[in-house]
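A note on names: the letters A, B, ... follow the listed sequences, proteins ahead of strands, and every chain is numbered from 1.
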2 protein chains.
Amino acid sequence: MSRPTIIDVAKRAGVSKSLVSLVMRGAPNVSEEKRQRVLGVAADLGYRPNAVARSLVRQRTNLLGVLLSDLHNPFFAEVIDGIQAEAAERGYRTIIGTGDRVELSEARALDTMLELRTEGLILASPILPMRRIAEASREVPTVLVARGSRSASVDSVANDDTAGAALAVGHLASLGHRRIAHIDGGDGAGSRERRRGYERAMERHGLAGEARVVAGSYTEEGGWKGVRALFSRGRAPSAVFAANDLAAIGTLSALAERGLSVPEDVSVVGYDNTALAAAHHIHLTTVDQPRPEMGRTAVRLVLERLDGKRRAARHLLMPPSLVVRGTTAPPSNAPGKRRSR
Amino acid sequence: MSRPTIIDVAKRAGVSKSLVSLVMRGAPNVSEEKRQRVLGVAADLGYRPNAVARSLVRQRTNLLGVLLSDLHNPFFAEVIDGIQAEAAERGYRTIIGTGDRVELSEARALDTMLELRTEGLILASPILPMRRIAEASREVPTVLVARGSRSASVDSVANDDTAGAALAVGHLASLGHRRIAHIDGGDGAGSRERRRGYERAMERHGLAGEARVVAGSYTEEGGWKGVRALFSRGRAPSAVFAANDLAAIGTLSALAERGLSVPEDVSVVGYDNTALAAAHHIHLTTVDQPRPEMGRTAVRLVLERLDGKRRAARHLLMPPSLVVRGTTAPPSNAPGKRRSR
DNA sequence: CTGTTAGCGCTTTCAC
DNA sequence: GTGAAAGCGCTAACAG
């Protein structure tokens with residue numbers, strides 16, 4: 001026996017299916033008596049409204065799709081907190097998909113959401129090419145989170161990565177560091193901006209000659225490898241600005257493995273200010289971006305378009321701020337102290 | 001103008017809508033010429049199959065719902081890796097929902113998935129009461145991950161939490177610790193089993209008199225508060241077994257704040273062996289559960305029922321294993337070394 | 001308030 | 001191979 005439908009409920013309750021429909025949607029003008037009867041029968045039968053059928057006829061799903069590039073990064077969990085809160089308040093449901101940093105899976109997840117007819121799309125740091133994203137935005141309001149956009153059809157809410165990187169470099173420079181290296185975020189969203197922000201800031205502080213960027217990624221492994229590249233040849237830096245908190249943790253790990261202590265031998269700055277960075281045990285100096293607020297804002301941007309209140313693109317840039325914790329200190333000028341080469 | 005439908009494509013290509021349907025589903029018996037024509041028109045029009053309509057008529061969605069209790073815990077991200085991989089291989093799409101450790105939101109997320117007619121449900125450490133879960137399982141094959149079940153209708157794949165806790169205690173005891181405390185996981189999934197495993201193991205090692213359990217949760221904060229409870233009064237333990245890795249990190253943080261060093265003053269053991277624990281900088285001794293494999297297994301269990309291959313419940317218990325890293329060492333028997341009270 | 005009716009976009013027989 | 005027709009479960013008029 002298959003699942004009960006609205007018709008089964010109607011028959012059993014001795015009413016029309018329209019009435020059942022009204023009751024299920026909580027319409028006001030239904031007699032209390034019938035409402036109770038219908039609800040009772042529905043419960044008996046284990047009836048559950050079929051969102052598929054409803055969506056088809058209503059031509060709307062009440063669904064927002066959220067695509068994450070990487071479930072492993074707590075940054076996204078914190079953005080989602082804001083997304084879910086705002087979406088719930090505005091009467092939208094949310095489904096999450098992820099591509100796990102693989103373009104093909106991400107594309108598949110995107111297609112699934114589009115086929116499911118989500119009414120809006122929030123893409124958090126997708127690695128998908130802008131072309132694909134612009135295409136999606138022709139079908140449904142789309143907003144990019146933590147990835148910049150200049151597209152006229154895709155809104156975005158990001159933090160000012162360039163300014164954030166400058167904050168990190170400024171802090172380190174003011175502490176007296178000169179050999180400040182950057183482990184970048186590879187092809188990750190905002191990575192290029194952070195890199196450029198770093199480079200420009202180094203110039204502004206008269207440290208252009210000391211600038212050094214090595215390839216990394218927005219993962220622990222990225223930070224770990226960056227340290228290997230940085231310390232295996234050339235002159236070792238006295239401070240490292242990692243692409244994000246995860247990479248910073250990888251950096252801390254790799255440094256520990258080399259017998260270098262933080263912040264005595266090397267200072268480290270991350271980016272994002274995830275809960276991880278705040279954990280006292282890690283206590284990472286980092287650049288904060290307002291993660292839940294970015295999530296809420298993303299939902300608002302989507303709904304503005306959905307409600308037809310706006311056609312022009314909006315590209316919001318939130319100001320980042322520096323959070324100084326325990327992984328930064330003035331450079332030690334006693335080279336003998338450094339145990340590793 | 002609204003979205004193009006199969007009819008628009010058919011008209012424009014000068015064929016019937018059945019033919020378009022066949023082409024879109026990749027049917028074999030369609031002339032190459034028409035196939036190309038249809039595909040071309042579909043691309044021109046930006047046609048995208050409507051999964052809502054398709055699901056309604058086919059009476060299947062090809063969708064698996066995954067409900068996570070907490071996006072912030074990397075444990076789940078690692079389980080999801082396995083889920084997505086297996087689901088993709090078996091031709092199923094996946095949508096993720098989360099309740100962020102709030103029962104009401106979790107219930108809502110569950111309802112959304114059921115209304116969307118996901119064909120199977122994977123619930124990772126839900127905090128929902130078993131009654132609600134059993135109800136869901138009457139609608140659709142449901143499997144619990146990392147939470148035990150004795151239900152006849154709900155399958156489960158978990159690790160042997162009792163055995164895992166014993167592993168942790170055994171390791172600590174063999175190191176010479178006697179005052180081994182446990183910060184529990186509150187009402188989290190598996191928390192009770194770990195607590196009982198701890199208590200029994202303490203007894204077996206003749207340490208029943210030293211056993212001490214304080215309330216915590218599966219979060220950093222839980223570990224942090226546990227330490228406060230543990231060290232603010234009574235005799236301080238020389239080792240702490242935290243409910244999971246996140247709580248262990250909170251434990252490490254709180255210990256650091258009190259000026260206690262790990263493992264010199266206090267040994268710490270976590271649970272899960274998430275990537276976090278493995279990070280060299282944290283380097284946490286912990287109990288491993290095979291996270292991605294648990295995810296894959298969960299998908300298999302769901303599909304077994306979906307394919308009608310099984311009616312009896314299966315409750316799988318994976319063996320945990322100990323991973324010794326840097327946060328455990330023999331107890332220091334020089335009490336004067338302890339700076340905090 | 002209640003029942004009837006006409007689809008939503010698509011798949012699936014079943015003739016041709 | 002191809003097209004016509006009959007719904008999937010539900011909502012939204014509309015007339016009682």
Reading DNA chain D from 5' onward, which residue's closest nucleotide shows up sooner: B:Pro28 or A:Leu22?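 Between the two, 5'-proximity favours B:Pro28.
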
With DNA chain D as reference, determine whether B:Val15 or A:Asn50 sits nearer its 5' end, using the nearest nucleotide of each.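 Taking each residue's closest nucleotide, the earlier one in sequence belongs to B:Val15.
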
Need one value for A:Val52: base, sugar-phosphate or nothing, where a base atom within 4.0 Å counts as base even if backbone is also close, heavy atoms only. nothing

Which part of the nucleic acid, if any, lies within reach of A:Thr5 when heavy atoms closer than 4.0 Å are counted: base, sugar-phosphate only, or nothing? sugar-phosphate

Whole-Å distance between [N] [atom2] and [X] [atom1]?
{"X": "B:Glu115", "N": "D:dC10", "atom1": "CD", "atom2": "P", "result": "11 Å"}
{"X": "B:Gln59", "N": "C:dT12", "atom1": "CD", "atom2": "P", "result": "11 Å"}
{"X": "B:Arg60", "N": "D:dG9", "atom1": "CZ", "atom2": "P", "result": "16 Å"}
{"X": "B:Arg58", "N": "D:dC8", "atom1": "CZ", "atom2": "C1'", "result": "12 Å"}
{"X": "B:Asn29", "N": "C:dT11", "atom1": "CG", "atom2": "C1'", "result": "14 Å"}
{"X": "B:Ile6", "N": "D:dG3", "atom1": "CD1", "atom2": "C1'", "result": "13 Å"}
{"X": "A:Ile7", "N": "D:dC8", "atom1": "CD1", "atom2": "P", "result": "8 Å"}
{"X": "A:Leu56", "N": "D:dT11", "atom1": "CG", "atom2": "C1'", "result": "10 Å"}

Does D:dG1 have OP1 or OP2 sitting under 4.0 Å from an N or O in the side chain of B:Arg35? no

side-chain N/O B:Lys34 vs D:dT2 OP1/OP2, d < 4.0 Å: yes

If you measure from [atom1] on [X] to [atom2] on [Y], what distance do you get to the nearest 0.5 Å?
{"X": "B:Ser55", "Y": "B:Arg117", "atom1": "OG", "atom2": "CZ", "answer": "11.0 Å"}
{"X": "A:Met130", "Y": "A:Ser137", "atom1": "CE", "atom2": "OG", "answer": "7.0 Å"}
{"X": "B:Ile83", "Y": "B:Ile96", "atom1": "CD1", "atom2": "CD1", "answer": "8.0 Å"}

B:Arg25 versus B:Ser21, side-chain donor and acceptor atoms under 3.5 Å: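 Present: a donor and an acceptor within the cut-off.
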
Taking atom types as they are modelled, would you say the side chain of [X] forms a donor-acceptor pair with the base of [N] within the 3.5 Å cutoff?
{"X": "A:Ser18", "N": "D:dT11", "value": "no"}
{"X": "B:Ser16", "N": "D:dA4", "value": "no"}
{"X": "A:Lys17", "N": "D:dT11", "value": "yes"}

Salt-bridge criterion met for A:Glu304 and A:Lys309 (N-O under 4.0 Å):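 Salt bridge absent between A:Glu304 and A:Lys309.
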
Closest listed nucleotide, where the reference is the side chain of A:Arg25 and the choices are C:dT2, D:dA12, C:dG9: D:dA12

